[in-house]
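Worksheet: one structure, shown below.
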Amino acid sequence: MPQPNFSPRRSVLYVPASNARAVAKIPSLACDAVILDLEDSVAPADKILARESLKAIFANRPAGPPEIVIRINPLAGEWGADDLLAAIACAPDGILLPKVDTPRDVLEPGDLLDDKDAAESVRLWAMIETPRALVNIAAIAELGRDLAARLSCLVAGTNDLVKETGILPTADRRYLTPWLMQMVLAARAGGLDILDGVANDFRDAEAFSRECGEAAAMGFNGKTLIHPSQIEQANAVFSPSPEALAEAAEIVAAFELPENAGKNVLALDGRMVERLHLIQAEKLLAKAAAIKGANE
Ligand SMILES: CC(C)(COP(=O)(O)OP(=O)(O)OC[C@H]1O[C@@H](n2cnc3c(N)ncnc32)[C@H](O)[C@@H]1OP(=O)(O)O)[C@@H](O)C(=O)NCCC(=O)NCCSC(=O)C[C@H](O)C(=O)O
Ligand SMILES: [Mg+2]
């Protein structure tokens with residue numbers, strides 16, 4: 001199921017809404033999206049100020065990338081409901097819901113968006129970071145098949161998952177990986193984008209590069225980031241490689257040859273190529289074009 005207004009989401013940077021210097025950097029950042037955070041990066045004493053800063057940020061928002069998403073506090077808590085109203089008033093590209101446990105946790109804010117006549121372009125993103133969310137992941141992701149539910153993207157919250165489950169956060173993420181794969185599968189079933197969790201050690205470029213490579217291999221669309229120094233690497237790893245693009249172009253060209261018209265299967269350089277490979281190739285070329293378009 002195609003996403004409306006497809007956007008690349010290779011690099012998605014959390015920016016604490018309470019940090020004016022960090023917020024001021026947004027227009028100069030090369031990330032595909034930012035998440036203006038009202039939740040975990042904002043101290044309780046700064047919660048109201050952070051929420052109030054949103055108005056000024058959106059009043060001066062230039063058109064075009066990066067996508068801007070607001071992460072609110074949990075709706076069951078002290079700040080969540082007012083955060084949601086403030087976020088809706090800003091008409092961001094997305095509102096990220098933390099600590100989602102069940103489909104209801106997405107449907108209820110979606111109803112409020114409708115009640116408040118929020119533009120159709122305001123989508124919901126959901127953090128998958130609780131044991132209940134993992135247990136309910138198929139039902140949550142299924143909402144992606146209903147455009148009216150507005151769900152567009154799932155975001156792995158690996159820090160909270162580690163905290164809530166007690167698994168050991170090893171460098172190779174061996175205990176997290178089965179759950180990450182479960183998230184990718186569910187997201188694809190629901191036609192949703194899915195972003196990997198953050199790498200906390202932002203000074204370890206080598207470990208970060210490895211983690212991005214593994215996330216890309218697992219099928220994630222991109223990675224959530226905590227520091228601007230992580231953007232370039234994420235963009236590089238989650239972009240189609242020149243080799244993959246050359247191969248995709250070759251497959252498209254082969255199916256366009258008059259002698260291959262109407263064929264479902266071809267031999268190309270000693271390999272079987274089916275129409276499903278053509279679809280894959282066209283998707284990859286479209287992704288590269290979208291990335292190029294977003295960077296112009
Ligand atoms: C992690 C940090 C606290 C480090 O900050 P700092 O020590 O200030 O870093 P630097 O001195 O290297 O910063 C250099 C300049 O870059 C700006 N900067 C830093 N981070 C960001 C950012 N995220 N966005 C924009 N700009 C940023 C600094 O302001 C410096 O510029 P200047 O002030 O002009 O000198 C910090 O990076 C940070 O706060 N990162 C974000 C933390 C965050 O948002 N955490 C919550 C999201 S992660 C999460 O919640 C996980 C999930 O829910 C889960 O469960 O897993
Ligand atoms: Mg979290």
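Both ligands and their constituent atoms are indexed starting at 1 by order of listing. Given the structure is predicted, the values throughout are model-derived calculations rather than measurements. When reading the values below, keep in mind they use all heavy atoms of this one structure, side chains included, and skip hydrogens, waters and symmetry mates.
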Sub-4.0 Å protein heavy atom near atom 19 (C) of ligand 1: yes

Top protein contact for atom 39 (O) of ligand 1, by heavy-atom distance: P16 CG, 3.7 Å

Top protein contact for atom 35 (O) of ligand 1, by heavy-atom distance: R21 NH2, 3.5 Å

T224: which of L13, L96, L195 passes side-chain contact (heavy atoms from CB on, under 4.5 Å): L195

R71, portion touching ligand 1 at heavy-atom distance under 4.0 Å: side chain

Presence of salt bridge, R210 and D204, under 4.0 angstrom: no

Close side-chain approach of V122 to I88, heavy-atom, < 4.5 Å: no

Within reach of ligand 1, part of Q230 (heavy-atom separation under 4.0 Å): neither

Short side-chain donor-acceptor distance under 3.5 Å, N136 and T102: no

Contact check, side chains of F255 and V273, non-hydrogen atoms, under 4.5 Å: yes

Check: P66 and D32 side chains under 4.5 Å, non-hydrogen atoms: no

Whether R203 lies under 4.0 Å from ligand 1, heavy atom: yes

Identity of the nearest option to atom 51 (C) of ligand 1, non-hydrogen atoms only, from N159, V162, T224: N159

Minimum heavy-atom distance between E67 and D93, given as atom pair plus value: CA-OD2, 3.3 Å

Nearest neighbour in protein (non-hydrogen) for atom 9 (O) of ligand 1: H227 NE2, 3.5 Å

Heavy-atom closest pair, residues S229 and F202: OG-O, 3.9 Å

Non-hydrogen side-chain atoms of V69 and V12 separated by less than 4.5 Å: no

Under-4.0 Å salt bridge between K99 and E39: yes

Which residue and heavy atom of the protein sit nearest atom 47 (C) of ligand 1, plus the separation: Y14 CG, 3.3 Å

Heavy atom of the protein closest to atom 21 (C) of ligand 1 (residue, atom name, distance): P228 CD, 3.4 Å

Part of V34 within contact of ligand 1 (heavy atoms, under 4.0 Å): neither

Matching residue for D37 among R51, K47, R71 - test: salt bridge (charged side-chain N to carboxylate O under 4.0 Å, His left out): R71

Test of proximity, I226 against ligand 1: N or O pairs below 3.5 Å: yes

Heteroatom proximity flag, N19 to ligand 1, N/O under 3.5 Å: no

Non-hydrogen side-chain atoms of L113 and L84 separated by less than 4.5 Å: yes

Part of M127 within contact of ligand 1 (heavy atoms, under 4.0 Å): side chain

Per-atom contact, atom 7 (O) of ligand 1, protein heavy atoms, under 4.0 angstrom: no

Proximal heteroatom of D160 relative to the Mg ion (ligand 2) (N/O/S): OD2

Side-chain touch E142/P103, heavy atoms, less than 4.5 angstrom: no

Metal check, the Mg ion (ligand 2) vs E39 N/O/S, cut-off below 2.8 Å: no

Atom of E129 closest to the Mg ion (ligand 2), considering N, O or S atoms: OE1

Residue from V106, I95, D114 passing side-chain contact (heavy atoms from CB on, under 4.5 Å) with R150: D114

Element-labelled atoms of ligand 1 that are located less than 4.0 Å from some non-hydrogen atom of F202: 1 (C), 4 (C)

Heavy atom of protein closer than 4.0 angstrom to atom 23 (N) of ligand 1: yes

Proximal ligand 1 atoms for L13, defined as those under 4.0 Å from one of its heavy atoms: 23 (N), 24 (N)

Top protein contact for atom 31 (O) of ligand 1, by heavy-atom distance: K25 NZ, 2.9 Å

Polar proximity ligand 1 side, E39 side, N/O cut 3.5 Å exclusive: no

pair D196-R173: side-chain heavy atoms closer than 4.5 Å: yes

Heavy-atom side-chain proximity of Q233 to S11 below 4.5 angstrom: no

Per atom 26 (N) of ligand 1, closest listed option by heavy atom (A22, S28, A24): A22

Proximity of D37 to ligand 1 by residue part, where a heavy atom lies under 4.0 Å: side chain

Closest protein heavy atom (residue, atom, distance) for atom 43 (C) of ligand 1: S41 CB, 3.5 Å

Atom 28 (C) of ligand 1 within contact range, any protein heavy atom under 4.0 Å: no

